[in-house]
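Residue numbers start from 1 in every chain, and the chains themselves are labelled A, B, ... in the order their sequence lines are given, proteins ahead of strands.
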Amino acid sequence: MTEQELLRREALVKLRELGIDPYPAPMFDVTAFAADIVANYQEEVLEDGSKKRLNCQEVALAGRVMAAREAGKAMFLNLQDSSGRIQLYMRREEVNGGDENSPLFDTVVKKLLDLGDYIGIKGFAFRTKTGEVSVHVQEFKFLSKSLRPLPIVKRDAEGNTYDAFTDPEQRYRMRYVDLTVNPEVREVFIKRTKLIKTIRQFLDELGLLEVETPILQPIHGGASARPFKSHHNTLDMPLYMRIANELYLKRLIVGGFDGVYELGKMFRNEGMDRTHNPEFTMLEYYVAYKDYFWLMEQTERMLERVARALHPSGDSTVQIGENSIQFAGPYRRLTMFDAIQEYTGLNVETADEAELRAYCKKEHIEIDASMGKAKLIDEIFGEKVEGHLIQPTFLIDYPVEMSPLTKKHRSKAGLVERFELFVNGKEVGNAYSELNDPIDQRERFEEQLELAKRGDEEAMALDEDFLRALEYAMPPTAGIGFGIDRLTMLFTGQSSIQEVLFFPQMRPEVNPG
RNA sequence: GAUCCCGUAGCUCAGUCGGUAGAGCACUUGACUUUUAAUCAAGGAGUCAUGGGUUCGAGUCCCAUCGGGAUCACCA
């Protein structure tokens, strides 16, 4: 244990010797919050120049002590609660209750109270000589003693920060410390919650039913990715953590719900980087009798609403680096072929596989022999186009080979009715008119099985029960999925997924402590 | 999985050519009854990520391992 930790444990013992419980059981009745007092405190200046305090004259606050400035027989503390910080003012004679020999001020407050301790106080608001709204403490009690020193982050009047707690490893491993000392981190997560709430409200208003589907699945379907594998002991069978919930949600459409959505975690056993965490949050929703054009309109409405909900002034634009992104629709609609034509001059519709291979070689795009034309087009798009799509853009009409669950295009042979939404050069959503022809769907699954045989670990497994469901008939349906973490990154200006997950996946610590 | 960078006090960081480990904040002791990055005086605090190696001598050079970050690959 460090010197500072030992001192805090000694303080714990001394508090108990003085009859003070550092971890009391009774609830503390909080009646006020720091930010509200700072914002609402009022006083008036009387004719004789003295001040009359008008409100906040009996307040009880609870929070963490984040700074302490001793000034002889007085003391200033900064108390931080969930709303923010407020200064506390304590005086020796009051804390001691008029008893000259009381240890309360000189020992308990000045020596045994440490930064990071939770305390509860009662007192009245006032404004100090220097103009800061503060609380004059009349009573205080320990609520919980902190045994470890917090990183001390200081800010001066100009807003400069000193000794910020910045080490990403420590911030992610000890998010509780990060949240305590870095208020801007709190704000990101509050925005995340607001984003999810706004989306949920939007979907509820559309009349969709929020549902839950299995996370442990006997067959992992609905996406191309490697799953986490587990095992059920009683059933003695393998179970997979879901990589998608698409096939279950469509079964519910078969069952007669007109619209369903699920917000939940997906799990993919793949690489991790600044945009991938092994578990991540997806929104998927499916609506009967609609198509992908309808989904484009809903997406424009939903994201505009989210942008306005998160923006301090209710604006629909979001500033990301140098780009001001406009979330009010309509968004640009661009076919995948037109997009490639526009950014490369290449006509992928007329080009044959050999020409595409030659282009990739010329442009140093990594490809391998197993890639067919559709995959080559996807690679070219990823390398040459994706990064240019800054303003929200619907990229529409994909080659059928890449989309085994998507309905064939109503008029364009070889394509499917699918779009992906790109914002700030990254994909944030994927949608299509769902394939509901059970015979076509079986053929698509069989093509996936061929890919699996050729060694594609991410090829989709054939799901007989899902096919049976489609054979009972699924109405024409439109479905869409959004990566909630990535949307959050977009709307909070974060470039790392770890900044929008409270507890991003980390390798285990060797010696925690 | 590959490459590069990083790991020194509770926090943020210096540490020269290889020669006894440094600063600010935090902490301890003292002064101060309206301070606010409080101030002033004095003091304590380190397995230099871990393990090897080179060397008379390693925080510093070399190798390996662990952890983190960035870039790439795969994906959302």
Side-chain angles (χ1 to χ4, degrees), chain A residues 1-8 10-11 66-78 85-95 105 110-111 114-116 126-132 134 136 146-174 177 181 223-226 243-244 266-284 366 368 378-379 382 420-421 426-430 456-458 481-487 489 495-498 504 506-512:
Chain A
M1 238 183 284
T2 64
E3 182 192 27
Q4 294 194 44
E5 289 174 88
L6 287 168
L7 283 162
R8 283 172 183 239
E10 283 169 24
M66 297 301 286
R69 295 175 292 281
E70 289 177 30
K73 295 187 178 63
M75 189 172 196
F76 294 89
L77 306 168
N78 289 346
R85 290 190 185 190
I86 192 166
Q87 176 168 268
L88 305 181
Y89 175 58
M90 288 180 158
R91 290 211 315 220
R92 184 174 192 275
E93 57 188 35
E94 279 173 295
V95 169
F105 188 76
K110 285 178 95 167
K111 299 224 188 306
D114 290 308
L115 300 189
F126 74 112
R127 197 180 285 277
T128 63
K129 239 189 230 171
T130 52
E132 179 156 346
S134 308
H136 188 124
S146 167
L147 297 182
R148 290 174 184 258
L150 283 170
I152 303 297
V153 181
K154 295 201 172 189
R155 282 185 183 80
D156 66 18
E158 283 83 52
N160 300 311
T161 302
Y162 302 85
D163 298 330
F165 180 59
T166 52
D167 178 4
E169 179 172 3
Q170 297 204 70
R171 288 184 46 235
Y172 303 151
R173 287 197 196 281
M174 301 191 288
V177 174
V181 304
S224 302
R226 278 151 56 190
I243 58 173
M266 305 296 154
F267 308 85
R268 297 190 183 175
N269 204 343
E270 290 171 344
M272 295 164 55
D273 60 26
R274 70 182 201 290
T275 56
H276 296 83
N277 195 66
E279 59 183 279
F280 62 102
T281 302
M282 287 267 297
L283 161 69
E284 298 229 355
E366 251 182 76
D368 63 57
D378 195 50
E379 291 292 322
E420 290 188 313
L421 175 65
K426 294 181 186 84
E427 189 207 326
V428 296
N430 179 22
D456 185 346
E457 286 185 83
E458 294 175 346
F482 289 96
I484 293 296
D485 313 284
R486 291 195 179 169
L487 276 183
M489 288 166 66
S495 57
S496 165
I497 199 169
Q498 297 167 110
M506 303 282 277
R507 288 196 163 84
E509 263 181 291
V510 183
N511 287 311

Exercise. How is Arg173(A) classified with respect to the nucleic acid when contacts are heavy atoms under 4.0 Å: base, sugar-phosphate, or nothing?
Worked result: sugar-phosphate
For this session: Could you check how far NZ of Lys154(A) sits from P of rC11(B), rounded to whole Å?
Result: 17 Å
Exercise. Just by distance, do the side chain of Arg155(A) and the backbone of Gly159(A) share a donor-acceptor pair under 3.5 Å?
Worked result: no
For this session: Send over the distance from Met1(A) CE to rG10(B) C1', rounded to a whole Å.
Result: 14 Å
Problem set entry | Heavy-atom check, side chain of Pro278(A) versus side chain of Met272(A), under 4.5 Å | yes
For this session: Write down the distance separating the C1' atoms in rG44(B) and rC56(B), rounded off to the nearest Å.
Result: 33 Å
Seminar exercise, completed: Sorted by position of nearest nucleotide on RNA chain B, 5' first, the leading residue of Gln170(A) and Asp114(A) is Gln170(A)
Short N/O separations, protein against nucleotides 29-31 of chain B, under 3.5 angstrom:
unit_1, atom_1, unit_2, atom_2, d
rG30(B), OP2, Lys111(A), NZ, 3.0

For this session: Determine the Euclidean distance between corresponding C1' atoms of rC25(B) and rA37(B); express it in Å to zero decimal places.
Result: 9 Å
For this session: Scan Thr2(A) against the nucleic acid and name what it touches under 4.0 Å (heavy atoms): base, sugar-phosphate only, or nothing.
Result: sugar-phosphate
Problem set entry | Residues which pass ring pair (Phe, Tyr, Trp, His ring centres under 6.0 Å) with Phe126(A), listed by chain and number, not counting sequence neighbours | Tyr89(A), His136(A)
For this session: Identify, between Asn430(A) and Thr166(A), the residue whose nearest nucleotide on RNA chain B lies closer to the 5' end.
Result: Thr166(A)
Exercise. Which part of the nucleic acid does Ala164(A) contact within heavy-atom distance under 4.0 Å: base, sugar-phosphate only, or nothing?
Worked result: sugar-phosphate
Exercise. When Watson-Crick pairs (N1 to N3 and N6-O4 or O6-N4) and G-U wobble pairs (N1-O2 and O6-N3) count only below 3.5 Å on both distances, what is the dot-bracket string of RNA chain B, with | for other-strand pairs?
Worked result: (((((((..((((.....[..)))).(((((.......))))).....(((((..]....))))))))))))....
Exercise. Of the nucleotides rU33(B), rC25(B), rU34(B), which one has an atom closest to the side chain of Lys73(A)?
Worked result: rU33(B)
Problem set entry | rA45(B) to rC27(B) separation - C1' atoms, rounded to the nearest Å | 8 Å
Exercise. Glu270(A) side chain to Arg226(A) main-chain N or O, any donor-acceptor pair under 3.5 Å?
Worked result: yes
For this session: First locate atom CD of Glu132(A), then atom CZ of Arg127(A), and finally report the distance between them rounded to the nearest 0.5 Å.
Result: 9.5 Å
Exercise. Which part of the nucleic acid, if any, lies within contact of Met506(A), taking any heavy atom under 4.0 Å across all strands shown: a base, the sugar-phosphate backbone alone, or nothing?
Worked result: sugar-phosphate
Exercise. Nearest-Å distance, CG (Leu88(A)) to C1' (rU34(B))?
Worked result: 14 Å
Problem set entry | Distance, rounded to the nearest Å, where Met272(A) contributes CE and rA2(B) contributes P | 16 Å
Exercise. Ignoring hydrogens and angles, are the base of rU35(B) and the side chain of Gln87(A) linked by a donor-acceptor pair under 3.5 Å?
Worked result: yes
For this session: Would you indicate whether the side-chain heavy atoms of Lys73(A) and Arg91(A) approach each other to under 4.5 Å?
Result: no
Problem set entry | Ser146(A)/Arg8(A) under side-chain hydrogen bond (donor to acceptor under 3.5 Å, both in side chains): CA gap, chis, key distance, verdict | CA-CA 8 Å; Ser146(A) 167; Arg8(A) 283 172 183 239; 3.3 Å; yes
Exercise. Which part of the nucleic acid does Glu3(A) contact within heavy-atom distance under 4.0 Å: base, sugar-phosphate only, or nothing?
Worked result: base
For this session: Using a 4.0 Å heavy-atom cut-off across all strands, classify Gly483(A) as base, sugar-phosphate, or nothing.
Result: nothing
Exercise. Quick one: does Asp167(A) reach the base of rG68(B) with a side-chain donor-acceptor pair under 3.5 Å?
Worked result: no
For this session: For Arg8(A) and rG10(B), give me the distance from atom CZ to atom C1', rounded to whole Å.
Result: 9 Å
Problem set entry | Any side-chain heavy-atom pair of Leu77(A) and Met66(A) under 4.5 Å | no
For this session: May I ask you to say what Tyr89(A) touches in the nucleic acid, namely base, sugar-phosphate or nothing, with a heavy-atom cut-off under 4.0 Å?
Result: base
Exercise. When we call it a touch if two heavy atoms are under 4.0 Å apart, what does Phe267(A) touch: a base, just sugar-phosphate, or nothing?
Worked result: nothing
Problem set entry | C1' gap between rU20(B) and rG15(B), integer Å | 14 Å
For this session: Kindly say whether, by distance alone, the side chain of Asp273(A) makes a donor-acceptor pair under 3.5 Å with the base of rA73(B)?
Result: yes
Exercise. What does Arg507(A) touch in the nucleic acid at a heavy-atom separation under 4.0 angstrom: a base, only the sugar-phosphate, or nothing?
Worked result: sugar-phosphate
For this session: Measure from CZ on Arg155(A) to P on rU12(B) and round the result to the nearest Å.
Result: 14 Å
Exercise. Does the Asp485(A) side chain pair with the main chain of Ile497(A), one donor and one acceptor, at a distance under 3.5 Å?
Worked result: no
Exercise. Think Arg69(A) has a side-chain N or O under 4.0 angstrom from the OP1 or OP2 of rU35(B)?
Worked result: no
Exercise. Any side-chain heavy atom of Asn78(A) sitting closer than 4.5 Å to one from Leu88(A)?
Worked result: no
Problem set entry | Span that lies between the P atom of rG24(B) and that of rU54(B), in whole angstrom | 39 Å
For this session: Give one of base, sugar-phosphate or nothing for Arg274(A), where a contact means two heavy atoms less than 4.0 Å apart.
Result: sugar-phosphate
Exercise. With a non-hydrogen cut-off below 4.0 angstrom, is Asn269(A) in contact with a base, only sugar-phosphate, or nothing?
Worked result: nothing
For this session: Grab the OH-P distance between Tyr162(A) and rC25(B) for me, whole Å please.
Result: 12 Å
Seminar exercise, completed: Per atom distances to the Glu379(A) side chain, the nearest of rC74(B), rG68(B), rG24(B) is rC74(B)
For this session: Mind checking Glu158(A) for me? I need base, sugar-phosphate or nothing, with any heavy atom below 4.0 Å counting as a touch.
Result: nothing
Problem set entry | From CD (Glu420(A)) to CD (Glu427(A)), nearest 0.5 Å | 3.5 Å
For this session: Can you tell me, in whole Å, how much space there is between the C1' of rU28(B) and that of rA9(B)?
Result: 15 Å
For this session: In whole angstrom, give me the gap between the P atoms of rG46(B) and rU55(B).
Result: 31 Å
Exercise. To the nearest angstrom, how far is Gln4(A) atom CD from rC11(B) atom P?
Worked result: 10 Å
For this session: Provide the distance between the two C1' atoms, one in rG7(B) and one in rG59(B), to the nearest whole Å.
Result: 11 Å
Problem set entry | Flag, side chain of Glu5(A) to backbone of Thr2(A), donor-acceptor distance under 3.5 Å | yes
For this session: Assign Phe482(A) to base, sugar-phosphate, or nothing according to its heavy-atom contacts below 4.0 angstrom with the strands shown.
Result: nothing
Exercise. If we only count heavy atoms from C-beta on, is the Phe280(A) to Arg268(A) side-chain gap below 4.5 Å?
Worked result: yes
